[in-house]
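The next block holds one structure in the form of structure tokens; read it before the comments.
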2 protein chains.
Amino acid sequence: MGTGTAEAGELTPGARKVLEAASTLFYERGITAVGVDLIAKEAGTTKKTLYDRFGGKDALIAAYLRERDRRWRSWLTGWLEEHAAAAGPRARLLATFDALAEWTRRHNPRGCGFVNAAAELPDPAHPGRRIITDQKLWLRGCLYELAVEAGAADPGRLADELTLLHEGATVLRGLALVDDPVARARALAEQTLDRAGATR
Amino acid sequence: MGTGTAEAGELTPGARKVLEAASTLFYERGITAVGVDLIAKEAGTTKKTLYDRFGGKDALIAAYLRERDRRWRSWLTGWLEEHAAAAGPRARLLATFDALAEWTRRHNPRGCGFVNAAAELPDPAHPGRRIITDQKLWLRGCLYELAVEAGAADPGRLADELTLLHEGATVLRGLALVDDPVARARALAEQTLDRAGATR
DNA sequence: GTAACGGTAGACCGGACGGTCTACCTCAGG
DNA sequence: CCTGAGGTAGACCGTCCGGTCTACCGTTAC
């Protein structure tokens, strides 16, 4: 019996194949529209493996979101280490938009996977909902810490504003009707940093 | 046989009941998760009426989006007439955020219905996709016209930025993890109008 | 050797899915 | 009077849904 909470690293080979297939299908076609039969088939396994390892579709959805969250977090922190390790907090705040630009280019052609998932999971008790809100709160927390370091007069407000710019850019990016929305968001972020006194 | 393009005003009583039930269910529970049997039952009609009037589920989805789009457009234009008729273009641009605030308070507890629908309609050929992009482009067009009137140096860029703020606020409003995101977006919009030279 | 584990294969369950159909009722217009 | 449009009621179709089950195979560990 699967635990439903295992990380990707501890998964059996069959479970990893299931999770990878589910991740692609859920994001590209929608969660509700994808059935467990298709997931098992695409993974080259059977439904038995899926149910033995994850317990059910809802738990698999949660595992999909957890894995996507894990990848985004390590992407963002890795990007900041690689491109803004020696930079000040203000530059690091702006670098989050660069990280977002490259992330959306690679993994978000259909918009934010978490916002899309939230659209399909109206039940507040669904295990995936918690992961979605945690993901957004984590980003806001990162921005808040950097806002404090940057010397913002009201770091909470600045974090809210930058979160708003991140989300707006991701959504517009998914709808593909504005040129390079992430660059626009970054430019707006610069203004906001100036006004908020985040000068360091 | 239904035309699939009729406006709400020309619908038969049975068709209107179907459309109203579908609108509520699609928005609150998700498009894919709601079946035609449930829609007919909630509408107090039968599937026959649904299929006679709309032709199929996909056409009903398109009718739902068309009706929601119609309501949002008339809401925004009505708000501007009522609250900013005598105001200048700059004040009217800011008033779009007030209109959005009241709209989301009334009709958007689960986020933007169009963004949510886009998440569930990956097929670019789906009749609903066109309506979604048209809705976003219409808003951008409104903002663009006002940006020109307000004397913005680069009205296209300003319209993109304000669209981004609208979308970001709507998404955060649906996730309910930031206090009053629309007010934050409005404040950011004021800065942006200043910087863009939209002073009239 | 054998027990435990992970996996494959595939039948099977009840119910919901989108969609079609026949039959009958009601009511307005020519 | 009768036709046609709109609606109700409900059976019916094949398919897919999430989920369970038995049976068998290969590897690893005691």
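Numbers restart at 1 for each chain; the letters A, B, ... are given by sequence-line order, proteins then strands. Fair warning: this is a prediction, and the values are worked out from it, not measured in the lab.
- The cluster map of Ile, Leu, Val, Met, Phe, Trp and Tyr, joined by side-chain heavy atoms under 4.5 Å apart, puts B:V178 and A:L143 in the same cluster.
- D:dT8 atom C1' lies 17 Å from atom NZ of B:K41, rounded to whole Å.
- The shortest distance between side-chain heavy atoms of A:R66 and A:R70 does not fall below 4.5 Å.
- Note on A:E20 versus A:K17: no salt bridge recorded, every NZ/NE/NH1/NH2 to OD/OE distance being 4.0 Å or above.
- The aromatic rings of A:W79 and A:H83 lie parallel to each other, with less than 30° between the two planes, well short of the 60° mark.
- Between A:L50 and A:T45 there is no side-chain heavy-atom pair separated by less than 4.5 Å.
- Under a 4.0 Å N-O distance rule, the pair A:R195/A:E161 qualifies as a salt bridge.
- Here A:T49 reaches the OP1 or OP2 of C:dT8: one of its side-chain N or O atoms lies under 4.0 Å away.
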Can you name the atoms? Protein N/O to nucleotides 24-30 of chain D N/O, anything below 3.5 Å, with the distance.
none

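- In this model, the phosphate group of D:dG7 is approached by a side-chain N or O of B:T12 to a distance below 4.0 Å at OP1 or OP2.
- Separating the NZ atom of B:K17 from the P atom of D:dG7 is a distance of 8 Å, rounded to the nearest angstrom.
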Inset, instruction - Spell out protein contact along nucleotides 12-30 of chain C as letters: B when the base is contacted, S when just the sugar-phosphate is, - when no protein heavy atom is under 4.0 Å; keep the 5' to 3' order. - result: -----SBBBBB--------
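- Cluster annotation: B:L80 and B:V148 are assigned to distinct hydrophobic clusters (Ile/Leu/Val/Met/Phe/Trp/Tyr, side-chain heavy-atom contacts under 4.5 Å, transitive).
- Between A:L60 atom CG and D:dG19 atom P the separation is 10 Å, expressed in whole Å.
- Distance A:L19 CG to C:dG6 P: 17 Å, rounded to the nearest Å.
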Please list, one pair per line, the donor and acceptor atoms closer than 3.5 Å that link side chains of residues 168-176 of chain A to other protein atoms, with sequence neighbours excluded.
from: A:T170; atom 1: OG1; to: A:H166; atom 2: O; distance (Å): 2.7

